[in-house]
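In listed order, ligands and their atoms are each counted from 1.
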Amino acid sequence: MDRAPGLSVRLKLTLSYAGFLMVAGALLLAAVWLFLLRYVPDRAMLINPDDLPGNGVFPVRSALLDVFAPRAAAVLAFLLVFGLVGGWVLAGRMLAPLTRITEATRLATNGSLSHRIRLPGRKDEFRELADAFDTMLVRLEAHVAEQQRFAANASHELRTPLAISKALLDVARTDPNRDTGELIDRLHAVNTRAIALTETLLLLSRADQRSFTRDHVDLSLLAEEATETLLPLAEKHGVTIETSGDITPTIGSPALLLQLTTNLVHNAIVHNLPEQGTVWVHTGVQSKTAVLTVENTGGQLTPQQVSPLTEPFQRGTERIHTDQAGVGLGLTIVRTITHAHDGTLTLTPRPAGGIRITVELPAVSAHTDR
Ligand SMILES: Nc1ncnc2c1ncn2[C@@H]1O[C@H](COP(=O)(O)OP(=O)(O)OP(=O)(O)O)[C@@H](O)[C@H]1O
Ligand SMILES: [Mg+2]
């Protein structure tokens, strides 16, 4: 393994174990020595004075030291070897999970996000680190898959108008007597749709990057503006719009929040009952949250049908390509703008049919200035 010069953690741990063992051993030997000094007299009379020359007085302590010192040194030497070998083995076992984690990190760096550490054993610091890393890999993998899906869908949607234009041009070329006015009109419509789609994609990416300036915004004014703009569409669909609510101040991008409100009201109109539908738009502050609710009558939906609708390019059950059919990015934009404003988006099917969509954003007091 290539590592910058310096002691490895395993070696450092080994040295620490061995050093600690040496200190503990030395302290123990010192304690034994002190104990011996306390209970053994300095000199002792020999029982049989003939055994030694002189007066028969024997220097016990110095003799004891002669016996004790080499043995103590041997014990210390043994402890040193034992500490080094034991420490090396123990440190290796302790650090083994780290090797697995490092290996997984290296694989992830090289692009393999499907690998998991799955560290066995009981919960300890290493296990927690490995589990956190696995969770991160799961999220990252899902995110990358989502991005890839999005890119594939976006490319597909962008190719459709180009393919239609090509088909129209091909027909015009083979049939020179065709009405060019009609051709131009259809090409114009297809082109407008393609531009709108591209602008939607740009809007999504801008909102995702959170690169917008924030201002004081009153959601009730935005709701009013969006409703007014969409009134002709509502009339065309035979839908009645009822707005209610108080001043609902929040902070965010006025343009993006207007887009969010417009998308919701637009959906509530076009995905409503075929006739005599109703849309309720309500704004208000509830316990430090600015709430925008858009509710509409419509077909019966289950929670399972409703939850994926915010995914990009999801168009509900009917996938009919009429001129009215959208691309399925309206609610994705709503979700992205809501999240970019640190808010939450909730979709609930109404028991009587249709959906209630709630956007909750952090509220600010109407009187406080930044
Ligand atoms: N208010 C609503 N009531 C009932 N169904 C809805 C409502 N809003 C959205 N839907 C369903 O969710 C799907 C996705 O909505 P979304 O706004 O993302 O796409 P779209 O309206 O189909 O196209 P566009 O990109 O033009 O908005 C719709 O096709 C529709 O089936
Ligand atoms: Mg829509």
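Considering backbone and side-chain atoms together, Leu329 places an N or O closer than 3.5 Å to an N or O of ligand 1. Considering backbone and side-chain atoms together, His271 places an N or O closer than 3.5 Å to an N or O of ligand 1. For ligand 1, the polar-atom distance check against Gly330 finds a nitrogen or oxygen pair separated by under 3.5 Å.
Near Asn296, meaning under 4.0 Å from one of its heavy atoms, ligand 1 places the atoms 1 (N), 2 (C), 3 (N). Close approach of ligand 1 to Ala268 is summarised as follows: ligand atoms under 4.0 Å from at least one heavy atom of the residue are 1 (N). Close contacts between ligand 1 and Gln314 involve ligand atoms 13 (C), 14 (C) [criterion: under 4.0 Å to a heavy atom].
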Where do Arg127 and Asp124 land on the salt bridge (Lys or Arg N to Asp or Glu O under 4.0 Å) test, with the steps shown first? CA-CA 5 Å; Arg127 176 77 197 277; Asp124 59 8; over 6 Å; no
Salt bridge (Lys or Arg N to Asp or Glu O under 4.0 Å) between Arg210 and Asp342, worked out: CA-CA 10 Å; Arg210 300 180 173 221; Asp342 304 314; 3.2 Å; yes
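The aromatic rings of Phe82 and Phe78 sit parallel to each other, their planes meeting at less than 30°, with 60° as the upper class boundary.
Under the 4.0 Å criterion applied to side-chain N and carboxylate O atoms, Glu295 and Arg350 are assigned as salt-bridge partners. Ionic pairing of Glu157 and Arg315 is present here: one or more N-O contacts between side-chain nitrogen and carboxylate oxygen are shorter than 4.0 angstrom.
Counting heavy atoms from C-beta outward, Ile195 and Asn191 have side chains that approach closer than 4.5 Å.
In this structure, a donor-acceptor pair under 3.5 Å is absent between the side chains of His282 and Thr293. With 3.5 Å as the limit, one finds no donor-acceptor pair spanning the side chains of Glu224 and Thr227.
Contacts between Leu331 and ligand 1, counted as non-hydrogen atom pairs separated by less than 4.0 Å, involve both the backbone and the side chain. Contacts between His266 and ligand 1, counted as non-hydrogen atom pairs separated by less than 4.0 Å, are absent for every part of the residue.
Of the listed options Gln305, Arg350, Arg315, Arg315 places a heavy atom closest to atom 29 (O) of ligand 1. With distances taken over non-hydrogen atoms, the option nearest atom 20 (P) of ligand 1 out of Gly354, Ala196, Gly298, Gly328 is Gly328.
By the criterion of a separation under 2.8 Å, the protein N/O/S atoms near the Mg ion (ligand 2) amount to Asn267 OD1.
Contacts of Phe20 classified as ring pair (Phe, Tyr, Trp, His ring centres under 6.0 Å), with partners at least two apart in sequence or in another chain: none.
The minimum heavy-atom distance linking His341 with Ser253 is given by the pair NE2-N, 3.0 Å.
No option in Thr278, Thr297, Thr240, Asn267 other than Thr297 meets the side-chain hydrogen bond (donor to acceptor under 3.5 Å, both in side chains) test with Asn272.
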